[in-house]
Amino acid sequence: MQGIALKGKTALITGSTSGIGLGIAQSLAAQGANIVLNGFGDAKEIALLQNAIANDYGVAVLYHAADMSKPAEIEAMIRASAEKFGGIDVLVNNAGIQHVANIEDFPVEKWDAIIAINLSSAFHTVRLALPYMKSKNWGRIINIASAHGLVASAQKSAYVAAKHGLVGLTKTIALETAQSGVTCNAICPGWVLTPLVQKQVDARAEREGISNEAAKKGLLAEKQPSGEFVTPEELGALAVFMCSDAANQVRGVAWNMDGGWVAQ
Ligand code: NAD
């Protein structure tokens with residue numbers, strides 16, 4: 001989908017050097033938005049990504065390496081974005097990590113990191129970016145939660161708690177901005193084949209002594225009735241819809257795109 005719906009606007013997508021965040025960044029750039037990329041990775045590869053998005057879509061692309069577990073770095077990223085682009089119009093809170101273990105074995109530092117990156121970072125980006133949106137009476141805040149923001153799975157205590165928290169935060173922000181041109185919504189993906197999920201596929205293949213393909217099928221069969229992965233492009237298209245005028249009154253939803261996961 002290519003268009004000019006977001007021409008002249010600026011979209012900051014946290015955790016956009018990979019996976020879903022990168023897919024959403026490309027979809028928003030395809031609508032003409034200038035992009036702030038964020039996330040970890042090899043500096044050369046990130047520079048290539050930055051150039052590719054700028055060239056493919058004719059937009060300006062800033063990269064900021066803020067660690068989303070560190071409020072001071074988040075502040076520096078928002079400041080740098082505002083200095084370059086005069087504000088932030090679309091904020092996608094996407095950075096996230098996973099750790100899988102029973103609660104009594106769950107490493108305390110993993111709990112703290114997941115809550116900081118998957119939940120608290122959105123509190124910080126929103127509190128800092130919202131004044132820019134309010135000053136223009138237009139903005140879109142999209143929180144990438146998960147099917148695990150709506151239902152639980154065993155061994156994912158921190159992730160499920162953070163994602164349910166993110167859905168709650170989404171609703172509160174939607175209420176506080178309800179009488180303005182700023183909307184806040186969550187997207188709740190099911191399984192998407194990104195590096196975050198590939199790790200879980202690898203762990204399953206090893207545990208069960210099966211092939212990568214069989215492990216993927218097993219993972220999907222357990223939770224996702226469609227038997228198909230959701231793609232970053234599909235999630236990007238939903239984000240573009242949430243940025244459109246047609247979505248002016250879509251406020252505070254937690255929209256699952258999950259191959260039927262939470263319909264069960
Ligand atoms: P991914 O591992 O491919 O990408 C995660 C991104 O976050 C990367 O760019 C990484 O560098 C960045 N990141 C990680 N820690 C960071 C930190 N401290 N500071 C800044 N950036 C950091 O994962 P993904 O699957 O694309 O996940 C993206 C989001 O989607 C996450 O919030 C995840 O919970 C959510 N999600 C994923 C799936 C799935 O099946 N893949 C399903 C539902 C929700």
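Numbering starts at 1 and runs along the sequence shown. Since the model is a prediction, treat every value here as computed from it, not as a measurement. Order of listing sets the numbers, starting from 1, for every ligand and every atom in it. Every heavy atom of this structure was used, including side-chain atoms; hydrogens, water molecules and symmetry mates were not.
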Requested in this report: Over all heavy atoms of both residues, which pair between Ala246 and Phe241 is shortest? Give the atoms and the distance, please.
Outcome: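 Closest heavy-atom pair between Ala246 and Phe241: CB-CE1, 3.9 Å.
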
Query raised in the report: Any ring pair (Phe, Tyr, Trp, His ring centres under 6.0 Å) pairs touching residues 169-190, not counting sequence neighbours?
Result: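 Every pair satisfying ring pair (Phe, Tyr, Trp, His ring centres under 6.0 Å) with a residue in residues 169-190: there are none.
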
Requested in this report: List for me each residue that meets side chain to side chain contact (heavy atoms under 4.5 Å, CB included) alongside Pro107, sequence neighbours excluded, and say none if there are none.
Outcome: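 Once residues adjacent in sequence are excluded, the partners of Pro107 under the side chain to side chain contact (heavy atoms under 4.5 Å, CB included) criterion are His99, Glu109, Lys110.
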
Query raised in the report: Considering only heavy atoms, which protein residues lie less than 4.0 Å from any atom of ligand 1?
Result: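 Protein residues near ligand 1 are Gly15, Ser16, Thr17, Ser18, Gly19, Ile20, Asn38, Gly39, Phe40, Ala66, Asp67, Met68, Asn94, Ala95, Gly96, Ile97, Ile117, Ile144, Ala145, Ser146, Tyr159, Lys163, Pro189, Gly190, Trp191, Val192, Thr194, Pro195, Leu196, Val197.
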
Query raised in the report: If you look only at pairs with a residue in residues 163-182, which of them pass as a side chain to side chain donor-acceptor pair (under 3.5 Å), with sequence neighbours excluded?
Result: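 Matches after skipping sequence neighbours: Asn143-Thr170.
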
Query raised in the report: Is the Lys NZ or Arg CZ of Lys216 less than 6.0 Å from the centre of Trp191's six-membered ring, within 45° of the axis?
Result: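 No cation-pi geometry.
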
Query raised in the report: Given Val182, which of Val126, Leu91, Ile141, Ile173 fulfils the side-chain contact (heavy atoms from CB on, under 4.5 Å) condition?
Result: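 Only one option passes, and that is Ile141.
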
